[in-house]
Amino acid sequence: MNNPMVWVIMLPLLASLITLAWPRRAHWIGLLFSVITLAFSMVLVYQVFNGGPQTHELGNWNAGLGIALRADALSASLLVMAMLVFTATTFYADAYFSDVNKRMRFWPLWLMLSTAINALLLSGDLFNLYVTLELLGLSAVALTALSDNRAALQASIRYLSIGLLGSLVFLAGVALIYTGYGILDLELLAQRIQAEPLAQVALTLMSAGLIIKSALFPMHFWLPAAHASAPAPVSAALSALVVKVSLYIILRLWIDVFDVVITPASALLIGILGAAAVIWGSWQALRAERLKLLAAYSTVAQLGYLFIFIPLITGLPEGQLRETAFTALVLLALTHGFAKSALFLSAGVVQHRAGHDRIADLAGTSRALPLTTFIIALSGVALIGLPPSGSFIAKWQLLAASIHSAQWWWIPVVATGSILAAAYTFRVLGHAFGPGDSAGKVLNWGREEIPALTLALFATVVLGLGSAGLWDFISNNSQFIGG
Amino acid sequence: MISEQLLFALCGIGIFSIGLRATLIHQQLLSRLLALNVCGAGVFLIFIAIAYRGETQIADPVPHALVLTGIVVAVSAMAMALALRHKLKDLNDE
Amino acid sequence: MQALLLTSIPLIPMLMAFICLSDHWRRLLPLPALFALMMAFYVPIGTEVTIPWLLMGVSWQLDAVGQTFLLFSAVIWLIAGIYVAWHHDQNINRPIYRCLFLLAMCGNLLLIIAADLSSFYLGFALMGLSSYGLIIKSSQLSRRASRVYLAFTLVGELALFVAMLLIFSSNGSLLFSDIHAQNFSQTAAGLLLLGFGIKLALPGLHPWLPLTYTAAPLISVAVLSGPMMKAGLLGWLRFLPGGNAGLENWGILLMVLGFIGLVFGSLWALLQKRPAAVLAYSSVAKMGLISALFGYGLAHPEHYAAVTAALILFAMHHLVVKASLFLALENMRLQPGQLRWLMGAIVVAFSLIGLPFSAGLAAKLELQEVVTGDFNKILLVSGLTGILMMGHFIILIHRQWSKTRPQTANVDTFIPVLPIWWLLVPVAWFAPFLPWAMNFDTKSLLIIIVGIFILVGLQSFLSRGTRTSGLFRPGDVFHLITRLRLTYPLHWKDLNPLLPSLISPIAKQDNKTDSVSTSMLQPGLVWLVLLGLLLTSFLYLNF
Amino acid sequence: MNLFNSLPLLILLSSLLPGLAIFLLKEESHGLRTLLNLLGAVTKLLFVAIMIWGVFHERDIEMRWALGPGLELVLQADALSVLFVTLSTILWLVTTIYAIGYLENTPHRSRFFGFFSLCVTATVGLALSGNLFTFVIFYELLTLATYPLVAHKGSPMAVRGARIYLAYTLGGGILLLIGAVWLHTIAGPIEFTQGGLLSQLPHLDPNALRWIFLLLIIGLGVKAALFPLHGWLPQAMVAPAPVSALLHAVAVVKAGAFGIVRVVYDVYGVEFSASLNLLPFLGAMAAFTIIYGSVKALSQDHLKRRLAYSTISQVSYIALGTAIVGPLATIGGVVHLVHQGVMKITLFFAAGNYAENLGVHRVSEMDGIGKRMPATTLAFSIAVLGMIGIPPVAGFISKWYLGLGALQTGDGIWVIPVLLISSLLNAAYFLPILYRAWFKRAVTAWPEEKPKTGRWEMPGALMWPPVITASLALIIGLFAAAPYSPLEWASLIAEREY
């Protein structure tokens, strides 16, 4: 039981139960446990960095029968990002929820969400993925419904039903795999998998389910309503983490496990969907009337970029170029996680202070909430892909990979997406710079601003200037990619 | 000759398809939730079919375990959906 | 020490230009010119200064030609400066006028001592642009005159600029002494003729001159027509490698142009009704003569040195006389009806005609000696028209004088220093020769007598009316041009930016249609299609 | 890491840290903010002085920081970057003083000065970039740092202007990025190399290189306001005067021009670009912009708009100088980088003073302003004469070397008429202003005259900066041949490039 992987999953679960039992001190428990979990996730990264991919078989049952936890560079780095976002958001949530009733309902669900995310990232077999996916979906839906208004409830029901459909289809795919290979363990599966109809149909089903969950265009329709109507910290976690872990499964399957099954046509298809998501999401974000809706659509677009990487990675020869592209994908996912959560948190601040988040009425925000405006700008920088954010480097590599693999058609997509991203970001800032005093009294260094600032700085400065380490980390310790 | 296993599996697929169709078509929340349950039943049926290893051998325990877990998940999800629906209804009634 | 003194010749006026901005110090304004005058005597020929870090490296030197120019220019600047220092006129007694006056002088003196292209150009530009402010008065007329002046000056500067570029790129040096005829570009020669030709009012390039001279304050005209105009000639002397083969064609062109200028300038001068306008066209005529003679020098390289030597003397004489005449007009304007100013003007005008024992005659004789053949006739024409013009001028100022009664000194216009003008009379009469070099020539006296007869004959219809009209007004060709209304359109439609209109309108629609619809049929079907596509791509599209 | 290697970082930090600190300051702490600003500017000047010495003595000044495979942040100092850094630093100092005076008693000063410092940091970083990747980073950062400055007033006009500015520059930034990535993939890391990096890599496909050049130049041309890409510049005029001044003189417009110089000389290599037939394209674009900007300036009554179009025209001289092969044209183009900056900043300071002190925004309101504000107007006049190219103001030197450069290569002769027409047009739109200012009498009262306090025509912090920069323009023109003058540096650069 001294493996950090176990603790990373167990601690939030434990905390969730404790808060359920002891709601008065829930925030202290939540804060304490998330910080400790963060520390453990860092230990895990350290282990992966030094010792390569880690495996832990629960109760020493060997894989195939027992449950194995796995961590390679991809999952470890996502895990750390998730825990950082989660911890920061926890601090934020502590300041955000003033209603006692809501607080009591919030903490157990919130910690359960963390449990689900961590467990999913560390899962080593298909069925565990399914279970954690469901757990994730359920806690996310419950958190969305915390808003207690009609729109939020409707959105959460929709989120739930579509999510259920997705996971059922995923499960059907899992069933097929078990039929064909008799195993669910990812590592073993990767060795045995062959390009045969069974595997192909199974992958199709699983992908179809995950596409819904990760809101890839045109299956994104449920996302904006759900993300926009949830309370701010929940939106942050949903946008930054929940959709991203579904995407993580897709990446695992497409790039690692089923790579022999993937055909150029299928990679191209998913890339085209990603490109459409980039354009459509950005365009909708530009037209959005509310700040949170804008952020939600922006998530749709940003996820699109990640999907564009799939045809590029599969199109590149194995070796350094491919590793580079893969790492860029991870970098982009991480940056987006930080930036989007920061954006949602600051949108929450705006909503709290101004009583609304209508973009057209934001005039005066830059004066009343200078730091929040600054955070919005920082996260906007990361969303557009401007330096010094990590996404700048990621986009650079994305473009480079397009050129290397002679798939030049992604270039105009990326360019258009960036321009649209700039347009929607600066549309918000333009209004915020306008004269007026709608945002109420001046707030400087508010308690809820610090976590958001931290996250935004992670997205822009830390990942931008310190990305060199990530390259070593990913390319040396990835379980499958050239590892 | 269709083996029993295949028959069950096909049945499962059929149930899944019916549920899927209903999920997509019905606008009523309750009907949709029910349809999703039907879908789930289809998938579980497939698992059960998989577990079958002939009359001589005992069935594969793993799919059974999976189905049990799946049912737990499905039930809890359904419970939550109903709770949400209830809440929404309260709001609508106000 | 002498190098320092040479350096201070242009620097002192520069410094003074700022000191004299203050009304307290305005009486100091003539001092720099006085200093320059003294330096013209004191600094020995051959004094040289090289300042490598200034501009692109400058070099100043006082040679014989420079000394001559310096001497006579300084005289005029000095007298005009005294006028300015004591003047009451609101157009002149103001800081900006004083400042620009001194800056123009600084430029003028600088180009005289310049031994390299860049400092000459610097001086020339400083002089040309500063004098814009000397021309401007509050009247509408002078404003237009100053605009026209500026346009011509700028074109001249640019022509010069390119010529400099060409010379430098073929020589690799900015020093005048490094200019060689072998690699002298023909384009550069043409541009130099154009650039300095504007200053010298070659026919076609002259419209600014009559406009300016009739519109500007007379003191400004004095310095413009005197020292500043002659800078154009100095430019030709310095820049063009005369005395060498290769420029003959330009010489011939210049001779033709000069001759045209001489004839038409004289004709137009006779048609003017105002003394200043007569003097202006007379300048055009005289500069025509100078250009023609310089052209002669270019066309006959063997005579170049002699011609230019005589030409400089002639130019110096004209410099002093023309400036003195304009200042005399100023005297008459300030104290109308005073006989002494009329007489003074007539005496100076006689020197220009070339009366016996005047410098005008001496200069003409010098020219006759160096110019050979048929070209000598041009001097004859010049002499005759000179008499006609000056006669016309004298008649006009006399009529003006007789119309006004002698007035006692008006407080507003009285300038206590006006008598200083008399100093100019001996200079105008003798300069640039020594008094004992004056002589007598029957042939020229004969011409004068013939001229007087013609003048008497013409007089009856030359003097009719008081205004000239149309093409014969000062500015002639210019009026034709302005009648074409070649003014630039002021309000062009703003074509750009087109882009913002594409970016800015952001549709204000609700996203309800996309986010809150409850039916899952459509997305579900899309999803199924997607599923099918994925499957197809796995199963069948295995390319 | 010795002192020289850490110099670029120190220079960046000397404005970055004060900038960040200023963000945190309260609006009221005026004295501390001023102290921080000036401290940063002076410190930077000090470091720059050391760097000038170092570069002159060919010390190795370089630092690297890896960001990923093949992507390195490289800050280094060569002669060209030192020229630009020095310009930025000096003008930053002056502009800071000006801005302190200009923004007195207005809201959001902490925000303003914070971004102002960031803007300079980005500019200096751009100048010190040692490879194309780093350059792109700072290029984009510059866009970001200037946006809040343009939008500073917060009025709908300001926000609109800022939005247009952003639309153009980010669009250009993307093209630059694509070009840079493309070049990176086919040629590896693009270190700026004197004489050109690509000319040493003969195996590359010339057609690809041509396309990349096009992308890069268009991307840079947006900031440099080359013809079809210039539309943002007049719109960005809504910014406060110090911002316009800095935008036009150093930061944004110059960054584009500097980038063009870098790409042509240090990425492609001028001879190599010529052999790819790329330069005529650039030259034609620049020449057309020069004429176009001047013609447009003629019809502007709004003073700042007229100046803006003048900038469009003048900055293209730099591109023009770059487009002509030969060291003399290089000198002309590079030295104009400095000369135009000093002169244009003077013009904008003066325009700001007119608007601030008297409420005069239009040329038609400037009658007799020379009498009311002599020092400012004198500075304005000197800069104007320089812009036209009248010696001894700095602009003359640039034109002289451009002209010489054009003559040096046989096929550059068409540049001469362009220079001439542009000079005439410059005169045509600038001199009427001088005429109004000095020779006309003020007809009516000034639109919004501020009461006169103190002994000068207006507060010293506003009056002195234009006077200082105008003197600078005069001095660098007059002493062009002196050691360490911009011209000497430009010659040094040309010498090292060829």
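Quick note on labels: first sequence line is chain A, next is B, and so on, each numbered from 1. All of these numbers come straight from a predicted model, not from anything done at the bench.
To the nearest 0.5 Å, atoms CG (D:Leu378) and CD1 (C:Ile96) are separated by 9.0 Å. Distance check, rounded to the nearest 0.5 Å: CD1 of D:Ile390 to CZ of C:Phe161 gives 10.5 Å. Atom CZ of residue C:Phe168 and atom CG of residue D:Leu407 lie 11.0 Å apart, to the nearest 0.5 angstrom. Separation of atoms CD (C:Glu157) and CG (D:Leu424) is listed at 11.0 Å; rounding is to 0.5 Å. If you take CD1 on D:Ile416 and CG on C:Leu191, they are separated by 9.5 Å, rounding to the nearest 0.5 Å. Taken to the nearest 0.5 Å, the CG atom of C:Leu122 stands 7.5 Å off from the CG atom of D:Leu478.
Only the side chain of C:Leu100 has a heavy atom closer than 4.5 Å to any heavy atom of chain D. Heavy atoms closer than 4.5 Å to chain C are found nowhere in D:Leu434, neither backbone nor side chain. Only the side chain of C:Leu150 comes within contact range of chain D, with heavy atoms under 4.5 Å apart. In this structure, the portion of D:Ile397 lying under 4.5 Å from any heavy atom of chain C is its side chain and not its backbone. For C:Leu129, the part lying near chain D is the side chain, with the backbone staying farther off; criterion is any non-hydrogen pair under 4.5 Å. Contacts between D:Tyr429 and chain C at a heavy-atom distance below 4.5 Å are absent for every atom of the residue.
Heavy-atom contacts from other residues, nucleotides or ligands closer than 6.0 Å to NZ of D:Lys371 number 12 or fewer.
The choice from C:Ala159, C:Pro95, C:Gly133 that makes the most heavy-atom pairs within less than 4.5 Å of chain D is C:Gly133.
Within the 4.5 Å cutoff, no side-chain heavy atoms of D:Glu488 are placed close to those of C:Trp53. In this structure, the side chains of C:Ile136 and D:Tyr435 come closer than 4.5 Å at one or more pairs of heavy atoms. With a 4.5 Å cut-off on side-chain heavy atoms, C:Met164 and D:Trp400 count as touching.
For the residue pair D:Ala481 and C:Pro52, the shortest heavy atom distance occurs at CB-O, 3.1 Å. Closest of all the heavy-atom pairs between C:Leu158 and D:Ser423 is CD2-CB, 3.7 Å.
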